[in-house]
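Numbering of residues begins at 1 and proceeds along the displayed sequence.
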Amino acid sequence: MAATTAPALPPGETLFTTFRLAGSVPARAFRALHRQRQQAQEAARQLTDAAVYQAALRRAEKRFFAGFDALLDAATVGPTFLEKEKIAEIVAGELMLLEELGFRVLGFALLPNHVHAVLHLPAASGASLYKSLQLLHQRTAAQSRRLLRTTLPPAAHFWQTGSYDYAVDDPAELLRLLDYVRHNAERAGKQGRWLEWPYCYLSPAYA
C-alpha cells in the first residue's frame with residue numbers, strides 16, 4: 001500500500017465499522033471491556049486541554065477495539081456462519097451493492113463471526129450511511145436465514161444488535177485501517193484457503 005499514491009477522499013463521511021454475529025463475544029468479557037472504556041473516557045473528561053482530551057479519547061477507543069477484536073478473533077463462543085461460502089457470498093455481495101447507492105467501498109474483510117468494512121459516503125450523496133447499513137444488516141440476515149433454517153431457530157438473531165463504528169477523518173489513519181482490514185485474516189491466525197478466499201477486498205485505489 002503506497003500512502004503517497006492514494007487519492008484524497010472528497011468531503012463526506014468515512015466510517016470504519018465492525019459488525020458481528022449474535023452471541024459471538026463472551027458477555028462478561030465484553031462488559032469488562034466496556035467498563036474499562038468508560039473509566040478511560042471519564043479520566044479523559046478531567047483533562048482541560050482540548051487536544052489532549054481528544055487524544056485520550058482516541059486512545060481509549062483504540063484500546064477498546066483491540067480487546068474487542070481479539071475476542072472476536074478467538075471465536076470462543078457463538079456461531080461462525082461466515083465460514084459458509086454461500087453466506088459469505090451474500091454478505092460480500094451486499095457490501096459491494098452499496099456502490100450503487102453512491103458509497104465508495106474502500107475495503108472489507110469477512111471473518112468467521114464478524115465483518116470489518118471501511119466505507120465512504122461523499123457529501124453530495126443523498127443516502128444515509130447508517131440507514132443503508134441497517135438495511136444491509138436486514139437483507140443479509142433475511143437471506144442467510146433461508147440457508148440456515150435448519151440450524152438457526154426462528155427467534156434467534158443473526159447479527160448482534162449494534163456495531164462498532166469509528167469515524168475516520170485523517171488520511172493517515174484511513175490507510176492504517178485499510179491495512180488492518182487487509183491483513184486481519186492473517187493476524188487472526190487463519191491458514192490455507194481462508195487467506196486466499198475472495199471475501200477480503202480493497203478498492204483498487206488503495207490496493
Would you mind checking if [Y] and [X] are paired as a salt bridge, meaning a charged N to carboxylate O distance below 4.0 Å?
X	Y	answer
Glu89	Lys86	no
Arg37	Glu61	yes
Glu173	Arg58	yes

Using the rule that Ile, Leu, Val, Met, Phe, Trp and Tyr join whenever any side-chain heavy atoms are under 4.5 Å apart, tell me whether [X] and [Y] fall into a single cluster.
X	Y	value
Leu57	Phe64	no
Leu82	Met96	yes
Phe108	Tyr130	yes
Leu72	Val77	no
Tyr201	Phe19	yes

Quick one: closest heavy-atom pair of [X] and [Y], and the distance?
X	Y	value
Ala117	Leu95	CB-CD2, 4.3 Å
Ala29	Leu71	CB-CD1, 3.8 Å
Ala40	Ala60	CB-CB, 3.6 Å

Rounded to the nearest 0.5 Å, what separation is found between the [atom1] atom of [X] and the [atom2] atom of [Y]?
X	Y	atom1	atom2	value
Arg182	Leu177	CZ	CG	14.5 Å
Ser163	Gln134	OG	CD	10.5 Å
Leu101	Leu121	CG	CG	9.0 Å
Tyr53	Leu47	OH	CG	9.0 Å
Thr18	Leu15	OG1	CG	9.0 Å
Arg176	Asp179	CZ	CG	9.5 Å

(request) Validate the cation-pi geometry between Arg20 and Phe30: distance from NZ or CZ to the six-membered ring centre under 6.0 Å, angle to the ring axis within 45°. (result)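 Ring-cation test returns yes.
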(message) Between Phe16 and Phe65, is the ring centroid distance below 6.0 Å?
(response)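 Ring-ring flag for Phe16/Phe65: true, centres closer than 6.0 Å.
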(message) Suppose we call two aromatic rings close when their centres sit under 6.0 Å apart. Are Phe103 and His120 close by that rule?
(response)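 No, too far apart.
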With side chains defined as the heavy atoms from C-beta onward, is the minimum distance between [X] and [Y] less than 4.5 Å?
X	Y	result
His137	Phe158	no
Tyr206	Leu174	yes
Leu21	Pro79	yes
Thr14	Tyr166	no
Leu202	Leu106	no

Checking [X] side chain against [Y] main chain: does a donor-acceptor pair fall under 3.5 Å?
X	Y	answer
Ser128	Lys131	yes
Gln160	Ser24	no
Glu99	Val105	yes
Thr151	Leu148	yes

(request) Could I get the full list of side chain to side chain contact (heavy atoms under 4.5 Å, CB included) partners for Thr140, not counting sequence neighbours? (result)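 Expected list: Ile90, Val91, Glu94, Leu136, Trp159.
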(message) For a quick check under 3.5 Å, do Asp165 and Thr17 share a side-chain donor-acceptor pair by atom type?
(response)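 Their side chains do contain a donor-acceptor pair, which is all the 3.5 Å distance test asks for.
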(message) Counting only heavy atoms from other residues, nucleotides and ligands, does the tally under 6.0 Å from CZ of Arg28 exceed 12?
(response)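 No.
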(request) Can you sort out the partners of Ser203 under side-chain hydrogen bond (donor to acceptor under 3.5 Å, both in side chains), two or more places apart, ordered by chain and number? (result)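 Ser203 satisfies side-chain hydrogen bond (donor to acceptor under 3.5 Å, both in side chains) with no other residue.
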(request) Start with the C-alpha gap between Lys84 and Leu147, add the side-chain angles, then the distance that decides, and say whether side chain to side chain contact (heavy atoms under 4.5 Å, CB included) holds. (result) CA-CA 10 Å; Lys84 298 180 181 293; Leu147 296 174; over 6 Å; no
(request) Evaluate the ring planes of His116 and His114, with Trp represented by its six-membered ring, and classify them as parallel (under 30°), tilted (30 to 60°) or perpendicular (over 60°). (result)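 If you compare the ring of His116 with that of His114, the planes turn out perpendicular.
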